[in-house]
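Just so you know, these numbers use all the heavy atoms, side chains as well, and skip hydrogens, waters and symmetry mates.
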Amino acid sequence: MTLKRRTLIAGNWKMNGGLAVNAGLLLELLSSSVNSPCEVLVCVPSVYLAQCESMLSNTSIVYGAQDVSAHSAGAYTGEVSSAMLADFSCKYVIVGHSERRAYHHESNELVAQKALQALRSNICPIVCVGETLEQREAGKTNEIVIAQLRSVMDLLDDGALARIVVAYEPVWAIGTGKTATPEMAQDVHAMLRSTLAERSEFAAERVRILYGGSMKPENARELLAMPDIDGGLIGGASLKAVDFLSIVAAA
């Protein structure tokens with residue numbers, strides 16, 4: 001019997017927001033997502049975690065951060081540790097987002113360390129993997145995303161591995177006008193799940209694999225119908241309540 005994984009719709013606000021704007025958006029989401037069968041998550045800039053704790057505790061929406069330090073404490077100015085995120089009852093954190101890999105030159109090994117730190121504080125890491133257009137056109141999609149996932153797998157035991165979330169971000173399909181068909185996305189998701197299964201069938205059955213390639217209200221239902229797509233990591237559409245709620249409804 002195949003385990004039914006609960007769909008996760010995760011909004012990544014990126015470097016957007018403000019106290020007043022956030023409050024309005026969260027109130028709109030709270031008023032409409034109460035009875036959703038899927039898990040609804042917002043990943044916000046760390047400075048707004050206190051606001052989320054205040055507004056979202058004991059509600060149907062969970063919240064998380066967008067990055068975490070690979071270190072537990074120390075002389076790392078500007079970094080935020082997993083223990084600090086846990087102080088705000090943070091449930092999730094994104095690690096290895098394509099923008100962090102591109103702009104901050106984060107290596108697979110660094111991303112794996114961040115995932116490990118998150119788990120040590122009982123925070124679920126959303127491990128992002130994905131290939132650029134150049135890598136895809138060179139036929140390296142599988143090679144790239146498997147290497148990114150394996151770096152994390154190498155640091156975790158089977159129990160810890162079953163507690164992560166993976167997000168596939170085809171970098172070439174984000175904000176470029178190019179789109180991956182649901183079948184193209186499904187192929188990569190299935191390959192990621194089979195990579196997990198090589199190590200642990202238990203983890204492969206439980207790990208949710210999200211699609212992070214510009215999921216929108218128009219394409220959400222088709223994408224979410226695929227057997228190995230367990231939700232979405234939503235960028236721009238998560239900043240507009242009507243769009244984000246449409247994706248939640250599609251789930």
Side-chain angles (χ1 to χ4, degrees), residues 2-10 12 38-39 41 43 92-101 106-112 114-116 118-119 124-133 135-174 179-215 219-220 222-235 251:
T2 305
L3 185 80
K4 177 70 178 142
R5 294 175 293 272
R6 188 182 181 197
T7 302
L8 172 61
I9 302 297
N12 174 17
C38 66
E39 188 172 15
L41 164 68
C43 288
Y92 290 86
V93 63
I94 299 169
V95 297
H97 190 278
S98 58
E99 290 157 3
R100 299 289 312 176
R101 291 181 189 266
E106 292 192 1
S107 66
N108 292 347
E109 293 69 29
L110 178 66
V111 172
K114 290 183 173 195
L116 182 62
L119 288 164
C124 174
I126 298 175
V127 178
C128 296
V129 301
E131 83 283 23
T132 63
L133 182 61
Q135 289 163 340
R136 184 169 191 89
E137 289 179 342
K140 292 185 173 177
T141 295
N142 290 10
E143 178 189 333
I144 295 294
V145 299
I146 287 174
Q148 291 169 337
L149 180 58
R150 283 227 164 103
S151 290
V152 176
M153 292 169 65
D154 288 346
L155 271 194
L156 305 181
D157 63 27
D158 289 3
L161 184 61
R163 292 165 53 208
I164 73 171
V165 168
V166 176
Y168 169 54
E169 300 181 279
V171 183
W172 52 272
I174 300 171
T179 52
T181 65
E183 292 73 22
M184 287 160 73
Q186 164 60 22
D187 285 347
V188 180
H189 280 238
M191 183 265 301
L192 288 166
R193 198 171 307 285
S194 69
T195 302
L196 290 165
E198 286 168 21
R199 176 55 196 284
S200 164
E201 285 285 353
F202 178 83
E205 284 268 302
R206 281 158 180 75
V207 169
R208 289 177 289 182
I209 306 177
L210 313 182
Y211 180 66
S214 292
M215 188 181 281
N219 63 11
E222 258 190 304
L223 285 161
L224 292 166
M226 294 290 128
D228 289 294
I229 298 182
D230 303 313
L233 180 61
I234 318 298

Any donor-acceptor pair under 3.5 Å from [X] side chain to [Y] backbone:
X    : Y    : answer
R101 : G96  : yes
D230 : I209 : yes
Q186 : D228 : yes
S151 : A147 : yes
R208 : R6   : yes
Q148 : C128 : no
R193 : A204 : yes

Heavy-atom closest contact ([X] atom, [Y] atom, distance):
X    : Y    : answer
G231 : I9   : CA-CD1, 4.2 Å
C38  : T7   : CB-O, 3.3 Å
S214 : N219 : O-ND2, 3.3 Å
L149 : V129 : N-CG1, 4.0 Å
R199 : M153 : NH1-O, 2.8 Å
A118 : P125 : CB-CB, 4.1 Å

| request: Quick one: sort the H189 and Y168 rings into parallel, tilted or perpendicular, breaks at 30° and 60°. | output: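 Geometry flag for Y168 against H189: perpendicular rings.
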| salt bridge (Lys or Arg N to Asp or Glu O under 4.0 Å): pairs with one or both residues in residues 137-151, sequence neighbours excluded |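 Passing the test, one end in residues 137-151: R150-E198.
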| task | Output every pair passing salt bridge (Lys or Arg N to Asp or Glu O under 4.0 Å) with a member in residues 162-173, not counting sequence neighbours, ordered by first then second residue. | result |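 Output for this query is empty, none listed.
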| field | side chain to side chain donor-acceptor pair (under 3.5 Å) partners for T132, two or more places apart | value |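 T132 satisfies side chain to side chain donor-acceptor pair (under 3.5 Å) with Q135 once adjacent residues are dropped.
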